[in-house]
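Every chain is numbered from 1, with letters handed out A, B, ... down the list of sequences. Note that the structure is predicted; figures quoted are calculated from it, not measured.
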Number of protein chains: 2
Amino acid sequence: MSKVSFRDQVLRVREDAIVSSVNRLLAEKGFDQMTVDEVAADVGIAKASLYKHFVSKEALAGAAMQRVLDKALAEVERLGNDKAAPADAQLKAVARWAMHEQLAGEMPSLPTQNSALRAALAASTDYVDRLMQLSERLGDWIMAAQAAGRIAADLPPELVLYTLYARACDPVLAVLKSTGKYSDEQVVELVLRSWFDGLAAR
Amino acid sequence: MSKVSFRDQVLRVREDAIVSSVNRLLAEKGFDQMTVDEVAADVGIAKASLYKHFVSKEALAGAAMQRVLDKALAEVERLGNDKAAPADAQLKAVARWAMHEQLAGEMPSLPTQNSALRAALAASTDYVDRLMQLSERLGDWIMAAQAAGRIAADLPPELVLYTLYARACDPVLAVLKSTGKYSDEQVVELVLRSWFDGLAAR
DNA sequence: GTCTATAGCCAGATAGAC
DNA sequence: GTCTATCTGGCTATAGAC
């Protein structure tokens, strides 16, 4: 009994290492440019062994995307514990977290137009469930912020939600950082401010 | 003499048709998912014939990207003729134009992380020159809008420029449109407003 | 479950006739 | 310059020994 459990744990640790590699490579090069050979080399095992854990390249990416959503849900949960914080502060906080994840090379870009990966993700109930759960939690905050007069009430909540997701993968972060003029914190705060307050002078 | 000129013109028309196909396919599927076979089939010529006009897939994409910049420069030129318009209105107008181009399937997404294409583009002086020229024109408008108190003066002009480029390829447009709740005009105006005025209630 | 070796496929690019 | 046919390399996925 304990032997089996131990083996399972070893297995889980290995699969976690695989997913971490996939996550980083996905963030760095995207799904198409990432090769399974690279993943295997990065993890330090043979390619055939990878296919014992995940049935396809899409499944590899799917596991990584799923873990990203888990992390996001955990972060939302953590932030939600502060009942006193206003909803718009919560939204800013989660956006800040996501942007720092991206700058740290931990945020795979959205599979906006890849058919194979999109289809695989849409077919994964685990993935879709998590995405819906996250969207619901964020949607609650958005509507609360509108009710409190902190976000313009005539903006569709979905617009706010989609722009939040988009900020998590915003290429502007990397471009701004590549100028070398700003620290990671400054980059995040600049984009966060332009997202929330806009460009117009107040 | 006139014969040669006529032949040149036929050649130009054909190459223009090729670039149009590439542009649309690039917007639809992105560089990696687009295949040269598809382009050939779409244009209606053999693949080998394509390679008589363009030396590589990267060159194909480069020609399309270059034409996009030419169109943008023409649009900026056109808008610039209205000397009376305030600079922030010009910026909104060019953003509006770019977003409509995207919704019409005419705007290839930026090669954010593709190495082969990025390298080819960076090596093309024609492309880089156009991009710099466009950025200069837009940069002038941005600084003018800041001087006029229409854009927050403490935002780095480069941030405004990069977010403008990012809006031209913003995936939020397609997602909002896919809900079926908004017309193209409404989608554009919503994103434009959130870009310029932000989410926060005023 | 891990490995080496390889099958099978697909896409970019080219050869060579016309 | 256009075509058909082909080469070439790289990638996903698997076979089969241990």
Mapping A:Glu58 and B:Leu11 to their closest nucleotides on DNA chain D, which lands nearer the 5' end?
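The 5'-side residue here is B:Leu11.
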
Is there a donor-acceptor contact under 3.5 Å linking the side chains of [X] and [Y]?
| X | Y | result |
| --- | --- | --- |
| A:Glu158 | B:Tyr182 | yes |
| B:Gln33 | A:Asp32 | yes |
| B:Ser135 | B:Tyr165 | yes |

Report task. For the residue pair A:Leu79 and A:Trp97, establish whether any side-chain heavy-atom pair is separated by less than 4.5 Å. Result ->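 Contact flag for A:Leu79/A:Trp97 side chains = no.
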
Could you tell me the separation between the [atom1] atom of [X] and the [atom2] atom of [N], rounded to a whole number of Å?
| X | N | atom1 | atom2 | answer |
| --- | --- | --- | --- | --- |
| A:Arg7 | C:dG1 | CZ | P | 8 Å |
| A:Phe54 | C:dT2 | CZ | C1' | 16 Å |
| B:Glu38 | C:dG12 | CD | C1' | 13 Å |
| B:Lys29 | C:dA11 | NZ | C1' | 12 Å |
| B:Gln9 | D:dG1 | CD | C1' | 18 Å |
| A:Glu15 | C:dG1 | CD | C1' | 12 Å |
| B:Gln33 | C:dC10 | CD | P | 14 Å |
| B:Leu25 | C:dA11 | CG | C1' | 15 Å |

Does OP1 or OP2 of C:dT2 have a side-chain N or O of A:Arg14 closer than 4.0 Å?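 Yes, because at least one side-chain N or O of A:Arg14 sits under 4.0 Å from OP1 or OP2 of C:dT2.
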
Problem - Between CG on residue A:Leu91 and CZ on residue A:Arg96, distance to nearest 0.5 Å - result: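 Atom-to-atom, A:Leu91:CG and A:Arg96:CZ are 11.5 Å apart.
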
From B:Tyr127 OH over to B:Leu121 CG, what is the distance, rounded to the nearest 0.5 angstrom?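 The CG atom of B:Leu121 is 5.0 Å from OH of B:Tyr127, to the nearest 0.5 Å.
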
Near DNA chain C, counting only heavy atoms under 4.0 Å, which residues of residues 45-53 of chain B show up?
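Within residues 45-53 of chain B, the residues near DNA chain C are B:Lys47, B:Ala48, B:Tyr51.
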
